[in-house]
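Single-structure report; data block below.
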Amino acid sequence: METYATALSYAIPGFIILILAEYLVSRWKKMPVNEAMDTISSLSSGITDTLRSLTGLAVIIISYEWMVDHIALIEIKSSILVYILTFIGLDFAGYWSHRFNHTINLFWNRHIIHHSSEEFNLACALRQSVSAIISIYFFLYIPLALLGIPSHVVALVAPIHLFAQFWYHTQLVHKMGFLEHIIVTPSHHRVHHAINDEYLDRNYSQIFIFWDKFFGTFQEEIPEKPAVYGVKKPVNTWNPFLINFMHAWGILKDAWRTKSWWDKIRVWYMPTGWRPNDVKEEYPIQIITDPYNREKYKTESSLALKLWSWLQLTATLTLMYYMLVSFGDLDFIQIIYYSIFLAISIFAYTSLMDRHIISLYAEVIKVIFGVYLIIQESGWFGIDTIFNGATYIVLVYMIISLLISFYFQLIERKDISHSASKIA
């Protein structure tokens with residue numbers, strides 16, 4: 001895990017630089033692809049997934065290392081060919097896990113966060129799930145295990161394979177010539193993220209596009225059918241924690257409400273979006289049927305709130321980055337506590353972006369928990385060794401965060417409502 005933390009400490013600055021470059025190029029081309037609150041939500045979601053990874057929040061039914069030890073037919077030594085074979089094997093497994101996530105009702109909850117943005121840009125690539133805590137696709141790695149691919153090779157190649165899926169989440173790159181026939185390009189992935197009927201549930205491939213062509217799920221981007229992004233049932237929130245579990249919560253409510261015991265069971269594994277007939281009639285939900293005329297989710301967002309939200313994201317990223325570079329010096333319980341604090345912080349400011357009153361309660365909890373950690377650790381996890389007084393800066397940040405949240409929720413919002421009533 002420490003190796004992964006080190007890899008992230010190098011990868012995250014690279015992601016941020018590329019996101020900033022995309023933003024600047026889009027402004028230069030007069031082709032805006034970023035919306036402030038959406039981008040903050042996407043980057044915040046990336047932080048939550050990083051926290052999940054660093055805390056080891058995962059239930060592994062059967063580990064890859066166990067499979068190699070017990071079912072390998074041959075033993076392969078590390079070589080360039082083995083690494084290439086591993087990359088292809090992971091991509092094959094990735095195609096099918098991706099396809100299962102899209103086509104099985106409960107499994108869609110593992111992936112909805114990635115599609116929840118109504119924009120399409122490099123930032124939305126970082127929308128990754130914290131709800132996929134159970135490793136259910138171990139069987140897709142059986143071919144690699146049978147070949148005796150060493151577990152350390154898989155552990156090294158897997159992050160590379162994951163990071164290689166970042167770059168094609170953009171609208172600024174059009175067609176890429178002959179590469180369109182070999183790898184997943186931005187054009188292919190725009191189709192995948194679209195909710196247009198022509199594009200829905202297509203192009204599952206992660207690196208090599210030929211999996212879709214071979215298994216019949218490929219769709220070319222149609223110039224006269226511009227992609228519309230998001231999900232059929234809009235999430236209508238900036239809070240990544242709510243997005244991560246809302247689909248499963250919806251299935252649970254449908255299972256509870258339906259009168260049919262058979263439907264209570266099968267609603268979990270039916271095709272994505274399936275609902276029992278009696279529940280559909282009594283509890284209808286809004287589904288986008290005309291993508292070209294849908295209204296994107298927006299909240300009351302003054303310039304001050306947008307700037308404050310950017311500052312909150314920056315503070316959270318800074319604190320997380322300190323955890324990454326200090327990972328080897330922290331024990332497991334410290335990592336858990338640190339991650340909980342950051343998770344509360346993200347929940348608080350993204351709820352404030354939604355203008356939800358729960359943000360104030362979250363801020364109060366953040367301050368109480370943060371003060372407890374400072375007392376427990378005699379400082380903020382050794383940060384004073386970097387420069388004296390850093391703990392006080394963290395403490396002041398928490399107090400200011402609480403006070404400003406009260407301002408936005410109880411004063412500014414009241415002023416906005418009062419102004420709106422006067423105009424009316």
Side-chain angles (χ1 to χ4, degrees), residues 41 45 48 52 57-61 96-118 127-140 192-202 204 217 228-297 299 347 350-351 354-358 361-362:
S41 178
S45 177
T48 63
R52 180 193 64 81
L57 186 59
V59 178
I60 300 174
I61 300 174
W96 282 106
S97 63
H98 197 179
R99 186 167 178 173
F100 292 149
N101 283 341
H102 272 261
T103 54
I104 299 175
N105 214 7
L106 178 60
F107 294 173
W108 175 239
N109 193 76
R110 302 166 62 91
H111 194 54
I112 184 175
I113 182 72
H114 185 64
H115 284 260
S116 59
S117 174
E118 294 174 330
R127 290 191 178 222
Q128 299 296 328
S129 177
V130 298
S131 62
I133 59 175
I134 300 178
S135 179
I136 60 175
Y137 295 127
F138 63 90
F139 59 91
L140 294 174
H192 178 71
H193 273 254
I195 57 173
N196 314 51
D197 290 340
E198 300 88 352
Y199 297 152
L200 205 61
D201 294 331
R202 295 290 172 178
Y204 298 114
T217 52
V228 179
Y229 306 106
V231 289
K232 283 284 193 177
K233 180 186 175 184
V235 296
N236 292 336
T237 178
W238 304 124
N239 189 322
F241 292 100
L242 298 182
I243 300 171
N244 263 282
F245 296 98
M246 61 172 46
H247 185 70
W249 175 243
I251 297 175
L252 182 63
K253 289 192 293 184
D254 284 353
W256 175 262
R257 289 166 172 169
T258 184
K259 297 178 176 62
S260 167
W261 282 98
W262 173 230
D263 285 347
K264 288 179 186 292
I265 297 172
R266 67 174 178 157
V267 67
W268 300 93
Y269 60 84
M270 288 293 283
T272 299
W274 184 90
R275 305 179 73 208
N277 288 329
D278 57 343
V279 175
K280 280 197 298 185
E281 292 177 5
E282 191 170 354
Y283 302 96
I285 58 176
Q286 182 180 0
I287 299 292
I288 294 176
T289 55
D290 182 6
Y292 299 107
N293 291 311
R294 68 95 188 267
E295 290 187 14
K296 293 182 181 180
Y297 176 65
T299 51
F347 187 95
T350 55
S351 295
D354 281 333
R355 291 293 196 174
H356 200 293
I357 195 66
I358 199 173
Y361 298 101

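Side-chain contact between Asp278 and Glu281: absent, with no pair of heavy atoms (C-beta onward) separated by less than 4.5 Å. The shortest side-chain heavy-atom distance between His247 and Val231 does not fall under the 4.5 Å cut-off. Residues Arg294 and Val228 are in side-chain contact: their nearest non-hydrogen atoms beyond the backbone lie under 4.5 Å apart. The closest side-chain heavy-atom distance from Trp249 to Asn109 is not below 4.5 Å. Between Asn105 and Tyr269, every side-chain heavy-atom pair lies at or beyond the 4.5 Å cut-off.
Not a single donor-acceptor pair under 3.5 Å links the side chain of Ser135 to the backbone N or O of Ile60. Counting only distance, with no hydrogens or angles, the side chain of Thr258 and the backbone of Val279 share no donor-acceptor pair below 3.5 Å. For the pair Lys232 (side chain) and Ile288 (backbone), a donor-acceptor distance under 3.5 Å is present. Formation of a donor-acceptor pair under 3.5 Å by the Arg275 side chain with backbone atoms of Tyr283 is found in this model.
For the residue pair Asp354 / Tyr297, a side-chain donor-acceptor distance below 3.5 Å is found, with atom types taken as modelled.
The structure places OG of Ser116 at 8.5 Å from CE of Met246, a figure rounded to the nearest 0.5 Å. Atom NZ of Lys280 sits about 9.5 Å away from atom CD1 of Ile285, to the nearest 0.5 Å. Note: Ser97 OG to Arg110 CZ = 8.5 Å, rounded to the nearest 0.5 Å. A distance of 14.0 Å separates CG of Leu106 from CZ of Phe100, quoted to the nearest 0.5 Å. Annotation: the span from Ser45 atom OG to Asn239 atom CG amounts to 10.0 Å, rounded to 0.5 Å.
For NZ of Lys264, the number of neighbouring non-hydrogen atoms (other residues, nucleotides, ligands) closer than 6.0 Å is greater than 12. For CZ of Phe139, the number of neighbouring non-hydrogen atoms (other residues, nucleotides, ligands) closer than 6.0 Å is greater than 12.
The aromatic rings of His193 and His114 stand perpendicular to each other, their planes meeting at an angle above 60°, with 30° marking the opposite boundary. Ring-plane geometry between His111 and His98 is classed as perpendicular, the angle between the planes exceeding 60 degrees on a 0 to 90 degree scale with a lower cut at 30.
Annotation: cation-pi pair Lys253/Trp256 absent, no NZ/CZ under 6.0 Å from the ring centroid and within 45° of its normal.
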message = Under the criterion side-chain contact (heavy atoms from CB on, under 4.5 Å), I'd like the reasoning laid out for Thr103 against Tyr204: C-alpha separation, chi angles, the key distance, then a yes or no.
response = CA-CA 11 Å; Thr103 54; Tyr204 298 114; 3.8 Å; yes
ask   = Would Trp96 and Asn101 satisfy side-chain contact (heavy atoms from CB on, under 4.5 Å), going step by step from the backbone distance to the final call?
value = CA-CA 9 Å; Trp96 282 106; Asn101 283 341; over 6 Å; no
message = Run the side-chain contact (heavy atoms from CB on, under 4.5 Å) test on His115 and His102 for me, step by step, so that the C-alpha distance in whole Å, both residues' side-chain angles and the decisive distance to 0.1 Å come before the verdict.
response = CA-CA 10 Å; His115 284 260; His102 272 261; 3.2 Å; yes
task = Please assess Ser129 against Asn244 for the test side-chain contact (heavy atoms from CB on, under 4.5 Å), listing each intermediate value before the final yes or no.
result = CA-CA 6 Å; Ser129 177; Asn244 263 282; 3.3 Å; yes
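The six-membered or imidazole ring of His192 lies away from that of Tyr199, with a centre-to-centre distance of 6.0 Å or more. Trp238 has its ring centre no less than 6.0 Å from the ring centre of His356.
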